[in-house]
Amino acid sequence: MEVRAFVRIFNLLKKIKVMKSLLVQMDDLQFNGDLFRPMKTRRMVDRLFSSEGGIMPGTNLVVTGDPGVGKSTVLLDILSDLQKEGKKVLFISGEMNAIDMYGYVKRFPKFGKLPILFLGDHVDNKPQQVIENVLQEGFDVVLIDSWAEVTEVVADGAPGYASKKKIDNWMLNLMETHNKGLNKGENNTSFLVIQQVNKDGSFAGSNRIKHMTTGMFHIRFNKEGGRYMYFSKNRRGGESNKFFFSLAVQNQVLWTHTESLNSNDE
């Protein structure tokens, strides 16, 4: 009886020790101060991304939007402004090719300096490994356009080898690795990811994508044809307003004004 009691106590203490090892107190943690310095475009849209004003390092921001509303243009404009401010950026395109992009740059010359990985050029050259090798250099901000197209190209490069779930997990693990700065440049990479939605407007993707998402924002048309961006989720704060913009000017997205998120302009 005493032996059994001793074993029960021993196992209980062992469980308590394991449980304690899983718990974290934030006062015991230390992080590099650079993780909390926002990356700024120096434009109005910074106020939307965080309470500090700008995109925070090591975060993942997912964007959805109406067809033709300008998702790629808005995000490329933000990427270009960050590059102008000295940030190391990358555009991974699973949809556009170099000819399409060349025409794009005629209207937005500021995009001409962006480093671009046209993934479609590598479908026969192990695209998964290509992405891993390029990201290993270390970037501050990476735009992925889009999740669906990029993972599809990766799948095409490995027919019969990997399921969609495995490819999604590979991509998420890769993002997490670079969020933590585990690359040659030791950069805590932030990812801007264009994601699809289902026909009913709900999020298309695994729950793990949702959990890893620091912020989710949307680019929409209102009933008058105006274009705006807003966050439905943002762990880093930022303004809870609709930020309106225009694509009528050349070479720059023009941020025009804000309206309350509750305004009835749908």
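Reckoned from all heavy atoms, side chains included, excluding hydrogens, waters and symmetry mates.
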- Item | Side chain to side chain, Val154 and Trp170, heavy atoms closer than 4.5 Å | yes

- Go through the steps to decide whether Met44 and Thr258 satisfy the test side-chain contact (heavy atoms from CB on, under 4.5 Å), and finish with yes or no. CA-CA 10 Å; Met44 172 180 150; Thr258 65; 3.4 Å; yes

- Task: Quick one: pull up OG in Ser50 and CG in Asn234 and give me the separation to the nearest 0.5 Å.
- Result: 7.5 Å

- Task: Output yes when a side-chain donor or acceptor of Asn187 lies under 3.5 Å from a complementary backbone atom of Thr189, and no otherwise.
- Result: no

- Task: Mind checking the CG-NZ spacing from Asn169 to Lys164? Nearest 0.5 Å is all I need.
- Result: 10.0 Å

- For the residue pair Phe243 and Trp255, categorise the inter-ring angle as parallel (less than 30°), tilted (30 to 60°) or perpendicular (more than 60°). perpendicular

- Item | Minimum heavy-atom distance between Leu135 and His178, given as atom pair plus value | O-CE1, 3.1 Å

- Query: Is it true that atom OH of Tyr102 has more than 12 heavy atoms of other residues, nucleotides or ligands lying nearer than 6.0 Å?
  - Reply: no

- Residue Glu186 excluded, over 12 heavy atoms near CD under 6.0 Å: no

- Message: Just verifying a value: how many Å separate Leu61 CG and Arg236 CZ, rounded to the nearest 0.5 Å?
- Response: 9.5 Å

- Message: What's the separation between atom CZ in Arg43 and atom NZ in Lys84, rounded to the nearest 0.5 Å?
- Response: 9.0 Å

- Message: Can you give me the closest heavy-atom contact between Val130 and Asn125, atom names plus distance?
- Response: CG2-O, 3.4 Å

- Query: Got Leu143 and Ile78 here, is their nearest side-chain heavy-atom distance under 4.5 Å?
  - Reply: no

- Message: A side-chain contact here means heavy atoms from C-beta on lying under 4.5 Å apart; do Leu192 and Val63 qualify?
- Response: no

- Item | Geometric class of the Phe49/Phe217 ring pair [parallel <30°, tilted 30-60°, perpendicular >60°] | perpendicular

- Message: Taking the side chain as everything from C-beta on, heavy atoms only, tell me whether Ser190 gets closer than 4.5 Å to Asp140.
- Response: no

- May I ask whether Phe244 and Leu261 are part of the same hydrophobic cluster, defined by side-chain heavy atoms of I, L, V, M, F, W, Y residues being less than 4.5 angstrom apart, directly or through others? yes

- Query: Side-chain contact, heavy-atom cut-off 4.5 Å: Phe139 with Asn183?
  - Reply: no

- Message: Which label fits Tyr104 and Phe108: parallel for a plane angle under 30°, tilted from 30 to 60°, or perpendicular past 60°?
- Response: perpendicular

- Message: If I take atom CG from residue Asn241 and atom CZ from residue Arg47, how far apart are they, to the nearest 0.5 angstrom?
- Response: 8.0 Å

- More than 12 non-hydrogen atoms from neighbouring residues, nucleotides or ligands closer than 6.0 Å to NZ on Lys126, yes or no? no

- Query: If only atom types and distance count, is the side chain of Arg227 paired as donor or acceptor with the main-chain N or O of Val69 below 3.5 Å?
  - Reply: yes

- Query: Would a 4.5 Å heavy-atom cut-off, applied to side chains only, mark Val253 and Leu247 as touching?
  - Reply: yes

- Test item: Ser93 side-chain N/O and Met96 main-chain N/O as donor-acceptor pair under 3.5 Å: yes

- Query: So, for Glu52 and Lys40, which heavy atoms are closest and what is the spacing to 0.1 Å?
  - Reply: O-NZ, 3.3 Å

- Distance col, row Ile144:CD1 vs Met171:CE, nearest 0.5 angstrom, shows 4.5 Å

- Closest heavy-atom contact between Asn179 and Met212? OD1-CE, 4.3 Å

- Query: Would you find a donor on one side and an acceptor on the other, under 3.5 Å apart, between the side chain of Asp66 and the backbone of Phe221?
  - Reply: yes

- Close side-chain approach of Val150 and Ile131, heavy atoms under 4.5 Å: yes

- Non-hydrogen atoms of Ser246 and Ala248 that approach each other most closely: OG-N, 3.0 Å

- Note on the structure: Of all heavy-atom pairs linking Phe245 and Met229, the shortest is CE2-N, 4.4 Å

- Do Lys110 and Asp77 sit within salt-bridge range, that is, some charged N less than 4.0 Å from a carboxylate O? yes

- Query: Would you call Arg42 and Glu85 a salt bridge, taking side-chain N to carboxylate O under 4.0 Å as the test?
  - Reply: yes

- Item | Donor + acceptor pair across side chains of Asp34, Asn188 (<3.5 Å) | no

- Check against side-chain contact (heavy atoms from CB on, under 4.5 Å), Val134 and Leu90: CA-CA 9 Å; Val134 171; Leu90 173 67; 3.7 Å; yes

- Are Val193 and Met175 side-chain neighbours, meaning at least one heavy-atom pair lies under 4.5 Å? yes

- Between Leu79 and Phe111, is a side-chain contact (heavy atoms from CB on, under 4.5 Å) present by the stated rule, with each step listed? CA-CA 9 Å; Leu79 205 66; Phe111 298 169; over 6 Å; no

Could you pull out all donor-acceptor pairs under 3.5 Å where a side-chain atom in residues 116-123 meets a protein atom, sequence neighbours excluded?
none

- Item | Check: Asp46 side chain, Thr41 main-chain N or O, donor-acceptor pair, under 3.5 Å | yes

